[in-house]
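In this text, all values refer to a predicted model and were calculated from it rather than measured experimentally.
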Amino acid sequence: SDTLEPGAAILDPFGISPRLALELAGAGFKVISVCSNPVTRFVLRMAASNVQEEDLVAALALLAGSRVGDQRLEPYLKDIYQTTCPDCGTRTQAEFFVWQKEPLEVVSKKVVCSSCTFDGIAEVTPEDKSKAEKYAADKLTHARALSKIAPTSDPDRPTVENALGQYLPRALFVMFTTINRFDSLTLPQEKRDQIVILLLSALYYGNTLWGYPTSLERPKQLVTPPQFMEFNLWKVMEKAVGEWAGLNAEIPVYDLRKEQPVETDGPGIWVFPGRFKDIARIEGQLAPDCQVTVLPRPAPAYWTLSAMWG
């Protein structure tokens, strides 16, 4: 930043890091981000919108109030993760369950009890195991989810089927039910986008790639670890409200195919939704003053799951 004039144009040829684009634009530069992943583009746009916590709370409340039969979605999903505190026996929600890969079975749970001081890992009960087994027998949800995301004629169907295989039946049921309820709502686009960013957090944490006990680093391979966590996805969306709210000052985001940096005063982010080799087809002179990027690392897990999330 010491060598560039305010308002200089910076090209990010790989566009894999929304944070980089946001920091550069926040420092007063015009950022040209070449990004072929629609999920990454959506995350960038939402992070740049400076969505407020009260807006996300309201969005989640709209989703929570949608109906599953004669019941609201929120208590319906909370009941799916209901368990008992190992200390006081109070009914509460599990933060997450721990599974072992071979043989595939749930072995323990994380409980934070509001009725006593218990906060830790405990063995699962027969009721916990019975609940998990009930969803394991559900093959219909997988078939419906696959047909909805990628019909038989879709060339991406094998990729989507592989991605769906990274979700336990209970997580798949929760996500499929929640997305169906979301699709039934008639909402303004802004509010829909706010719900979608919360759903993306649930999809991100809903797979079987989060090893236990390890740090929460982004999974890079589609390989289920020997022990893994099954998160309570309603709690994930509740926590996501705070994670997405007010990330930075609002930054304008443009479509580079429609508007170029030379036509606009002030900093911002111009997104090209394609590959770097295709950017030359855009008319006009981009003339960036320099290039700054985060070098891409192999991340087949993110790209494969993005095929489904998108």
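In this structure, the side chains of L60 and L198 come closer than 4.5 Å at one or more pairs of heavy atoms. Counting heavy atoms from C-beta on, the side chains of I197 and L56 come closer than 4.5 Å. Side-chain contact between F182 and L73 is absent, with no heavy atoms from C-beta onward closer than 4.5 Å. The shortest distance between side-chain heavy atoms of S115 and T92 does not fall below 4.5 Å. T40 places none of its side-chain heavy atoms less than 4.5 Å from the side chain of I16. Between T83 and E127 there is no side-chain heavy-atom pair separated by less than 4.5 Å. In this structure, the side chains of H142 and D138 stay at 4.5 Å or more apart for every pair of heavy atoms. Two residues are said to be in side-chain contact when any heavy atoms from C-beta on lie closer than 4.5 Å; N180 and R144 fail this criterion.
Residues satisfying the side-chain hydrogen bond (donor to acceptor under 3.5 Å, both in side chains) criterion with K239, sequence neighbours excluded, are E95. Take K78 and apply the side-chain hydrogen bond (donor to acceptor under 3.5 Å, both in side chains) test, not counting sequence neighbours, and it matches E74.
Nearest heavy-atom pair across A25 and I251 is CB-CG2, 3.7 Å. Across all non-hydrogen atoms, the minimal contact from E230 to A171 is OE2-N, 4.1 Å. Closest approach of G206 and Y167 over heavy atoms only: O-CD2, 3.2 Å. Closest heavy-atom contact between S201 and W244: OG-NE1, 2.9 Å. Nearest heavy-atom pair, V253 versus A48, reported as atom, atom and distance to 0.1 Å: CG2-CB, 3.6 Å. The shortest heavy-atom contact between T208 and P225 is O-CD, 3.3 Å.
Residues F14 and V294 fall within the same hydrophobic cluster, defined by Ile, Leu, Val, Met, Phe, Trp and Tyr side chains chained together at heavy-atom separations under 4.5 Å. In the hydrophobic clustering of this structure, F176 does not group with V68; members are Ile, Leu, Val, Met, Phe, Trp, Tyr whose side-chain heavy atoms approach within less than 4.5 Å, directly or through other members. Cluster annotation: L295 is connected to L24 through the hydrophobic network of ILVMFWY side chains, with a link wherever side-chain heavy atoms come within less than 4.5 Å. Hydrophobic clustering (ILVMFWY, side-chain heavy atoms < 4.5 Å, transitive): V236 and L203 are in one cluster. Cluster membership check: I121 does not share its hydrophobic cluster with V111, using side-chain heavy-atom separations under 4.5 Å among Ile, Leu, Val, Met, Phe, Trp and Tyr.
Looking only at distances, no side-chain donor or acceptor of D119 sits under 3.5 Å from a matching main-chain atom of V112. The backbone N or O of A47 sits nowhere less than 3.5 Å from a side-chain atom of N50 that would complete a donor-acceptor pair. For K191 (side chain) and A58 (main-chain N/O), no donor-acceptor pair under 3.5 Å exists by modelled atom type. With E23 contributing its side chain and A21 its backbone, the two residues share no donor-acceptor pair below 3.5 Å. Listed for the Q100 side chain is a donor-acceptor partner under 3.5 Å among the backbone atoms of P103.
Atom CZ of residue R67 and atom CZ of residue R181 lie 10.5 Å apart, to the nearest 0.5 angstrom. Within the model, atoms CG of D193 and CE of M46 stand 5.5 Å from one another, a figure rounded to the nearest 0.5 Å. Between the CG atom in D87 and the OG1 atom in T84 there is a gap of 10.5 Å [rounded to 0.5 Å]. If you take CG on L168 and OG1 on T224, they are separated by 8.0 Å, rounding to the nearest 0.5 Å. Going from atom OH of Y205 over to atom CG of L233 covers 12.0 Å, rounded to the nearest 0.5 Å. Here the OG1 atom belonging to T177 is positioned 7.0 Å from the CG atom belonging to L77, to the nearest 0.5 angstrom.
Heavy atoms from other residues, nucleotides or ligands lying under 6.0 Å from CZ of R91 number more than 12. By the 6.0 Å contact criterion, CD on Q189 is enclosed, its count of non-hydrogen atoms from other residues, nucleotides or ligands being greater than 12. Within 6.0 Å of CD on E190 lie no more than 12 heavy atoms contributed by other residues, nucleotides or ligands. Heavy-atom neighbours of K129 NZ from other residues, nucleotides or ligands within 6.0 Å: at or below the threshold of 12.
W99 and F228 have parallel rings, their planes meeting at less than 30° on a 0 to 90° scale where 60° marks the start of perpendicular.
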Kindly determine whether V106 and K131 satisfy side chain to side chain contact (heavy atoms under 4.5 Å, CB included), including the steps that lead there.
CA-CA 10 Å; V106 60; K131 271 191 170 184; over 6 Å; no
I'd like to know whether F97 forms a side chain to side chain contact (heavy atoms under 4.5 Å, CB included) with R170, so could you lay out the CA-CA distance, the side-chain angles of the two residues, the decisive distance to 0.1 Å, and finally the verdict.
CA-CA 11 Å; F97 292 97; R170 175 162 50 190; 3.4 Å; yes
Given the rule in the side chain to side chain contact (heavy atoms under 4.5 Å, CB included) test, do Q227 and V107 qualify, once you have shown the distances and angles that lead to the verdict?
CA-CA 9 Å; Q227 284 196 319; V107 293; 3.9 Å; yes
Could you check R157 against V160 for side chain to side chain contact (heavy atoms under 4.5 Å, CB included), going step by step and ending with a plain yes or no?
CA-CA 5 Å; R157 185 179 174 92; V160 171; 5.7 Å; no
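Between L256 and the choices V34, I32, V271, the side-chain contact (heavy atoms from CB on, under 4.5 Å) rule is met once, by I32.
Checked against the 6.0 Å centroid threshold, W234 and Y76 do not count as a close aromatic pair. Close placement of the W270 and Y254 rings is indicated, their centers lying within 6.0 Å of each other.
Counted by atom type alone, Q93 and N232 present one or more donor-acceptor pairs between their side chains at under 3.5 Å.
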